[in-house]
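Keep in mind that this is a model prediction, so the values were computed, not measured.
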Amino acid sequence: MFIILFEAVLVLFFHNSHGYFIPTGSVGIGYNGYFTLTNTTKHTHGQAFDSNPVTFTNSSTNITTSFSINFFFAIVPEHDQQGSHGMAFVISPTRGLPGASSDQYLGIFNETNNGKASNNVIAIELDINKDEEFGDIDDNHVGVNINGMRSVVSASAGYYDDKDGKFRKLSLISRKVMRLSIVYSQPDKQLNVTLFPANISVPPRKPLLSLSKDLSPYLQEEEMYLGFTASTGSVAAIHYMMSWFVNGEIEFPRLDFGMLSILPPYPKKSSQRTKTILAVCLTVSLVAVFIASWIGFVFYLRHKKAKEVLEEWEIQYGPHRFAYKELFDATKGFKEKQLLGRGGFGQVYKGALPGSDAEIAVKRTSHDSRQGMSEFLAEISTIGRLRHPNLVRLLGYCRHKEDLYLVYDFMPNGSLDKYLYYRNNENQERLTWEQRYIAPEFLRTGRATTSTDVYAFGLVMLEVVCGRRLIERRAGEEQEVLVDWILELWEKGDDIIVAVEENIRQEENRGQLELVLKLGVLCSHQAASIRPAMSTVMRILSGVSELPDNLLDVVRDENLKGWAEKPMELLFDVNSLGTSTYTDSLVSHAR
């Protein structure tokens, strides 16, 4: 009996006349120094053949001798419930099997030579993958193959227990060390293969499978070689060889394995494990950095939104200053649904001050231009100091980044233009003459006026009394420009009252209407020299002075220099004209 132990080195010598094993492919050293036919590489195969040949035929009688072979093995798969592909014990006429393929060919044959009679190869396969093309019975079986991968006989892995004769299933990929006994009887021309756990010393009496066939035709070569092969596919597995025993006669030796009967799990590649650890650590770090950055950014934005920058001009001007956060909360973040309207300098939003029921209107404008800042300062310095029942009250202001904010009382009835121009139906309220105009007190308490102020004042008077825009594209050609139309009616001697809005021209206020129309034309004259001083306008509206009889000539003559500078004798007292109808403000009605 010859005993070969595969431990510690790749090149191992047989006792007595046997040589050493020649490794090919993925053969190496695995756990505890055990010999491995494959490693963690996928789609590879390994072969290990005895360097010295053996002879199965007696040279004098030409009769094939009986033999028995026992070896210990174990398969450790990459995945606990899946293996690929398996291993085999091989008797071959050549030392090694050149050209063999991995995967389903187990490192024995390839697609070209599979099944050829000239192979003269006998293999006992331990298959852990079901290959339909070879007629495999399952993915956990033992088979006898001759010259090809299709087994001539096979059986699911297991053994018959000598105690009760029952069949015990075994998993070839359980990582448990097992023993395979191969016994060929030439007299009986029968090959018996028995699989059983390594902790059973003597092979069970009943073999796992038997093949009644004369093997001598396949063993006639003068020199035959013994070896082991294994392969992997898309799933890797480590195929271990621990030790083997060869006998030139039928024998069922008692063998005690005497070592660990189950091997450790499939080892993960250190590089892959390192990559995984690094990837996890990097991912966690990036997530942590991202979260920290996001939290910091949110706090920064909140701080930046609430940050108030006090500039020199803010110390000098204005009433109460609001914090930006107050206005942001009041307008629900300046959302579109809070938008009341848009103007030349920005948008107006509706809001409610936190902690109270006070409704406000917030005008937001930009001060990135000099004009915007000047407008902002003007509103704060004038309107902010005024408290009048006919004026919209400026509650305060705010500056945040590039935006400026003015906070007013909210006007639930809308703005003046809504009542003058946007009458969507006949039932909408119209303004009477007493409700239209104009509050000269505002101008009297403001800064010194200029000729452009008088011009704008005249246009506003005409818009209010006529109830239309200064330029109406949809009107007739002669009525398109309001000032020109009124002047034309005046020059022709027609009734200028026709320019007044219809719903107020029927009232008994003809004298007042004519005065406002003529004064509006005079104030909005194209020549600055023709326009009266604001003090003169105020005296006329107050009933202290009256318009001159030759006013039409004055309006026509653009070369006259400042009629307001002429002697007061040109004007005469009209105390009979009450002034209350001129100065009652429509704002008190339509705030």
So, do Leu172 and Met178 sit near enough that their side-chain heavy atoms are less than 4.5 Å apart? yes

Between Asn192 and Ser210, is a side-chain hydrogen bond (donor to acceptor under 3.5 Å, both in side chains) present by the stated rule, with each step listed? CA-CA 4 Å; Asn192 292 329; Ser210 297; 2.6 Å; yes

Does a sphere of radius 6.0 Å around CG in Asp214 hold more than 12 heavy atoms from other residues, nucleotides or ligands, not counting ones at 6.0 Å or beyond? yes

Does Glu222 offer a backbone N or O that forms a donor-acceptor pair with the side chain of Thr55 under 3.5 Å? yes

Does the side chain of Val348 reach to within under 4.5 Å of the side chain of Leu339, using non-hydrogen atoms? no

Going by atom types only, do Asn145 and Glu125 share a side-chain donor-acceptor pair under 3.5 Å? yes

Tell me whether Arg364 forms a cation-pi arrangement with Phe334, defined as NZ or CZ under 6.0 Å from the six-membered ring centre and within 45 degrees of its axis. yes

Identify whether NZ of Lys or CZ of Arg in Lys350 sits under 6.0 Å from the centre of the six-membered ring of Phe410 and within 45° of that ring's axis. yes

Where Lys176 and Ala74 come nearest, the two heavy atoms and their spacing: O-CB, 3.7 Å

Determine whether a donor-acceptor pair (N or O, by modelled atom type, separation under 3.5 Å) exists between the side chain of Asp329 and the backbone of Glu326. no

Would you please test Arg179 and Leu255 for side-chain contact (heavy atoms from CB on, under 4.5 Å) and show each step? CA-CA 10 Å; Arg179 176 179 168 185; Leu255 301 173; 3.6 Å; yes

Within the side chain of Tyr184, is there an N or O that forms a donor-acceptor pair under 3.5 Å with the backbone of Leu215? yes

Value for OG (Ser101) from CZ (Phe109), rounded to nearest 0.5 Å, stands at 11.5 Å

Would you compute the distance between atom OG1 of Thr331 and atom CD1 of Ile360 and round it to the nearest 0.5 angstrom? 7.5 Å

Under 6.0 Å between ring centres, would you say that holds for Phe328 and Tyr324? yes

Of all heavy-atom pairs between Pro93 and Val121, which one has the smallest distance, and what is that distance? CD-CG2, 4.0 Å

Any chance you could lay out the side-chain contact (heavy atoms from CB on, under 4.5 Å) test for Ile75 and Ile238, step after step, and finish with the verdict? CA-CA 6 Å; Ile75 301 176; Ile238 301 177; over 6 Å; no

Counting distance only, does the side-chain N/O of Asn110 pair as donor-acceptor with the main-chain N or O of Gly99 below 3.5 Å? yes

According to the interplanar angle, ranging from 0 to 90°, do the rings of Phe21 and Phe35 count as parallel (below 30°), tilted (30 to 60°) or perpendicular (above 60°)? perpendicular

Between Thr38 and His239, is there a donor-acceptor pair closer than 3.5 Å when you use the side chain of the first and the backbone of the second? yes

Side chain to side chain donor-acceptor pair (under 3.5 Å): which pairs involve residues 281-298, sequence neighbours left out? none

Other residues, nucleotides and ligands only: do more than 12 of their heavy atoms fall within 6.0 Å of CD on Glu133? yes

Lys116 and Asn119: which non-hydrogen atoms are nearest, and at how many Å? O-ND2, 3.0 Å

Verdict with supporting geometry, Leu170 and Tyr159, side-chain contact (heavy atoms from CB on, under 4.5 Å): CA-CA 8 Å; Leu170 292 175; Tyr159 69 100; 3.8 Å; yes

Return yes if a side-chain donor-acceptor contact under 3.5 Å exists between His43 and Asp103, otherwise no. yes

Anything under 30° is parallel, anything over 60° is perpendicular, the rest tilted; go ahead and classify Phe71 against Phe228. perpendicular

Flag the pair Trp244 / Asn70 as yes when at least one side-chain heavy-atom distance between them is below 4.5 Å, and no otherwise. no

Indicate yes or no: does Lys166 engage Asp161 in a salt bridge with an N to O separation below 4.0 Å. no

Side chains of Gln47 and Val27 in contact at under 4.5 Å (non-hydrogen atoms): no

Here the gap from Gln186 atom CD to Glu249 atom CD, rounded to the nearest 0.5 Å, amounts to 15.0 Å

With rounding to the nearest 0.5 angstrom, report the CZ to CE distance, Phe56 to Met224. 6.5 Å

Close side-chain approach of Leu404 to Cys398, heavy-atom, < 4.5 Å: no

side-chain contact (heavy atoms from CB on, under 4.5 Å) with Ser201: which residues, sequence neighbours excluded? Arg254, Asp256

Would you say Val90 and Leu97 make side-chain contact, with heavy atoms under 4.5 Å? yes

Ser26 side chain to Leu37 main-chain N or O, any donor-acceptor pair under 3.5 Å? yes

Ser84 side chain vs Gly233 backbone, donor-acceptor pair below 3.5 Å: yes

Answer yes or no: is there a donor N or O on one side and an acceptor on the other, between the side chain of Asn120 and the main chain of Leu219, under 3.5 Å? no

Of all heavy-atom pairs between Gln82 and Ile173, which one has the smallest distance, and what is that distance? N-CD1, 3.8 Å

Check: Phe49 ring centre within less than 6.0 Å of Tyr20 ring centre: no

Note: Lys42-Glu78 ion pair, threshold 4.0 Å (strictly below): yes

Calculate, to the nearest 0.5 Å, the distance between atoms CG and CD1 belonging to Asn114 and Ile108 respectively. 9.5 Å

Say you draw a straight line from CG of Leu195 to CD1 of Ile124; how long is it, rounded to the nearest 0.5 Å? 12.0 Å

Looking at every non-hydrogen atom in both residues, tell me the closest pair between Asn58 and Thr61 and how far apart they are. CB-OG1, 3.1 Å

Assess whether side-chain contact (heavy atoms from CB on, under 4.5 Å) is satisfied between Phe252 and Val183, documenting all intermediate values. CA-CA 8 Å; Phe252 302 94; Val183 177; 3.7 Å; yes

Asp136 side chain to Asp131 backbone, donor-acceptor under 3.5 Å: yes

Geometric class of the Tyr34/Tyr240 ring pair [parallel <30°, tilted 30-60°, perpendicular >60°]: perpendicular

Compare all side-chain heavy atoms of Ser154 with those of Val142 and state whether any distance is below 4.5 angstrom. no

Heavy-atom pair with the smallest gap, counting every atom of Ser216 and Gln220: O-NE2, 2.8 Å

For a quick check under 3.5 Å, do Asp403 and His400 share a side-chain donor-acceptor pair by atom type? no

Please examine the side chains of Val193 and Leu208, heavy atoms only from C-beta on, and report whether any two atoms are closer than 4.5 Å. no

Give a yes or no on this: more than 12 heavy atoms of other residues, nucleotides or ligands lie within 6.0 Å of atom NZ of Lys332. no

Within the side chain of Thr44, is there an N or O that forms a donor-acceptor pair under 3.5 Å with the backbone of Thr41? no

